[in-house]
Amino acid sequence: MSQGYDYDLVIIGAGVGGHGAALHAVSCGLKTAIIEAADMGGTCVNRGCIPSKALLAASGRVRELRNAHHLKSLGIQIGSVEFDRQAIANHANNLVSKIQGDLTNSLKRLGVDIIRGWGKIAGMQKVSITTGDGGEKTITAKDIILSPGSIPFVPPGIEIDGKTVFTSDQGVKLESLPEWVAIIGSGYIGLEFSDIYSALGCEITLIEALDQLMPGFDRDIAKLAERVLITPRDIETKVGIYAKKVIPGSPVVIELADFKTKEDVDVIEVDACLVATGRIPATKNLGLESVGVELDRRNFIPVDDRMAVRSAGEVVPHLWAIGDANGKIMLAHAASAQGIIAVENIVGRERIVDYRSIPAAAFTHPEVSYVGLTETAAKELGQAEGFEIATSRSYFKGNSKALAENEADGIAKVIYRKDTGEVLGVHIFGLHASDMIHEASAAIANRQSVQSLAHLVHAHPTLSEVLDEAYKRAIAI
Ligand code: FAD
């Protein structure tokens, strides 16, 4: 325990980032407190990963059981499949309560002090806490980790009423199933909700301002994903178009304009509208000015790869920022990994985050996953550093397990350096892609080459043989 401080470590924000940091801090022997102003578990547990995956699990099952053609090909026939919207919503809500309870108990069991209230930096190594009843106290800590997370971004012109026009915060509650829903944004959140709503029988208009759907994904993956996840479903797409104005009500009125020319193109009336246009950091009112820290131009907290907060190019001693609030990678596992890295540096073991090996997934049916660089980014890196890249692809339609499941739509794409064979990126679209990505993530973390990976042995018949095949094709075994 550090002499002269109330705590070795105080963490502001008990989302998955703060939680991951707290668990690791205790294992390193640090006396730790965590401050939370709202729901323990933050976005992931209450309004993000957990409820959305519960909805995807239930709606995915409905889609599967209603796919008579697919079932028939496996020799199965069933009658009509009914579902209860409220019961599906309850499944998500119950899971949220369970995981929130588990997370809180794990902190209590380990002796982390949980302080409820709004935490703010009050000078070097000092935190003030305003509690719900207006009380205020100040505590001192040798180190402080900021983990305040993020909130949905709502573009100007869009009015949220939480009922007919809403963000994922309300969407995960599944309070209604609108007959016709517009989804603004085709990133992973928009895509997952279009999977849920289309499985449960809603008609969808998917609006994307950029000139292609799923702009964050590798192009080959996005193209195939569009053919499987969008085209055959009850989803109309409007690409290169943005929602200039959204007025809640019955109906919801959406004014659409061309994203490049800003000219009006159409007005549509729908039953509901989900706004999934990205997330912004929750970094207001954190008292950062008291230690001379300025946010970057997008309001993220500037950090280095050790997660130390930086101000005017200098490290601010004993101040760290992790998770969505620093904007490096806005994903749950990235937040908790950053929490662990910050604690490692606090206890004097210098470590940095290896962003290239952090995987990501969209839990649609089938799933999308990736790790490392897209082909475009790899080409740019190659040009900057003077190497050429190559790609190798393999297909689920050549995989026995995928064929046995009769779910053979899918591809794995490996991007690697031509000279050394080092894997730079892996992208998968297909059944269980989110579970398959981790061997690629480990390979990238260890900077392995396609030559060495092609000699690994995969169990037969498994979906992971798709990746095995891609490695083998890269070196033409
Ligand atoms: P948060 O989880 O946002 O937690 C921050 C916490 O800090 C909050 O509880 C907040 O109340 C508290 N706080 C803020 N300021 C203060 C203060 N001053 N004092 C006290 N407390 C404060 N990621 C994945 O990896 N996989 C997924 O499948 C996935 N699905 C998602 C689905 C949806 C619909 C959404 C919205 C997000 C999803 N994410 C997913 C992203 C993931 O939820 C976030 O990346 C993750 O929650 C970030 O964790 P965090 O700890 O940085 O912040």
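Each ligand, and each atom within it, is numbered from 1 in the order the structure gives.
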Atom indices of ligand 1, in the order listed, that fall short of 4.0 Å to a heavy atom of S168
34 (C), 36 (C)
So the atoms of ligand 1 within less than 4.0 Å of a heavy atom of G15 turn out to be 2 (O), 4 (O), 6 (C), 51 (O)
Would S336 count as a contact residue for ligand 1, given that I'm defining contact as a non-hydrogen atom of the residue lying under 4.0 Å from a ligand atom?
no
Nearest non-hydrogen protein atom, atom 21 (N) of ligand 1
A37 N, 3.1 Å
Can you pull out the closest protein heavy atom to atom 47 (O) of ligand 1? Residue, atom name and distance to 0.1 Å, please.
C44 N, 3.2 Å
Atom indices of ligand 1 within 4.0 angstrom of G48 heavy atoms, with elements
31 (C), 32 (C), 33 (C), 34 (C), 35 (C), 37 (C)
Within the structure, is a non-hydrogen atom of R279 found at a distance of less than 4.0 Å from ligand 1?
yes
Atoms of ligand 1 under 4.0 Å from any heavy atom of L331, numbered from 1 in the order shown, are 23 (N), 24 (C), 25 (O), 45 (O)
Would you say ligand 1 has an N or O under 3.5 Å from any N or O of Y188?
yes
Hey, does the side chain of N326 reach the backbone of A321 with a donor-acceptor pair shorter than 3.5 angstrom?
yes
Element-labelled atoms of ligand 1 that are located less than 4.0 Å from some non-hydrogen atom of L286
18 (N)
Per-atom contacts of ligand 1 with G42, taking only distances under 4.0 Å to non-hydrogen atoms
2 (O), 4 (O), 8 (C), 9 (O)
Could you list the atoms of ligand 1 found under 4.0 angstrom from a heavy atom of G17?
51 (O)
Report all side-chain donor-acceptor pairs from residues 291-300 shorter than 3.5 Å, counting only partners two or more places apart or in another chain.
residue	atom	partner	partner atom	Å
D296	OD1	R298	N	2.8
D296	OD1	N299	N	3.1
D296	OD1	F300	N	2.9

Could you walk me through whether E192 and Y197 pass the side-chain hydrogen bond (donor to acceptor under 3.5 Å, both in side chains) test, one step at a time?
CA-CA 9 Å; E192 288 185 350; Y197 283 133; over 6 Å; no
Among A38, P359, C49, which one has a heavy atom closest to atom 40 (C) of ligand 1?
C49
Is S147 near ligand 1, meaning one of its heavy atoms is under 4.0 Å from it?
yes
Is there a polar contact between ligand 1 and A282, counting only N or O atoms under 3.5 Å apart?
no
Should you measure from each heavy atom of G117, which atoms of ligand 1 turn up under 4.0 Å away?
19 (N), 20 (C)
Among all the protein's non-hydrogen atoms, which is closest to atom 18 (N) of ligand 1, and how far away is it?
G119 O, 2.9 Å
Looking at atom 30 (N) of ligand 1, what's its closest protein heavy atom, distance included?
K53 NZ, 3.2 Å
Tell me the contacting part of I189 for ligand 1: side chain, backbone, both, or neither, using a 4.0 Å heavy-atom threshold, strictly below.
side chain
Using atom types as modelled, flag every donor-acceptor pair under 3.5 Å from a side chain in residues 221-234 to any protein atom, sequence neighbours excluded.
residue	atom	partner	partner atom	Å
T231	OG1	E226	O	3.0
R233	NH1	D195	OD1	2.7
R233	NH2	H365	O	2.7

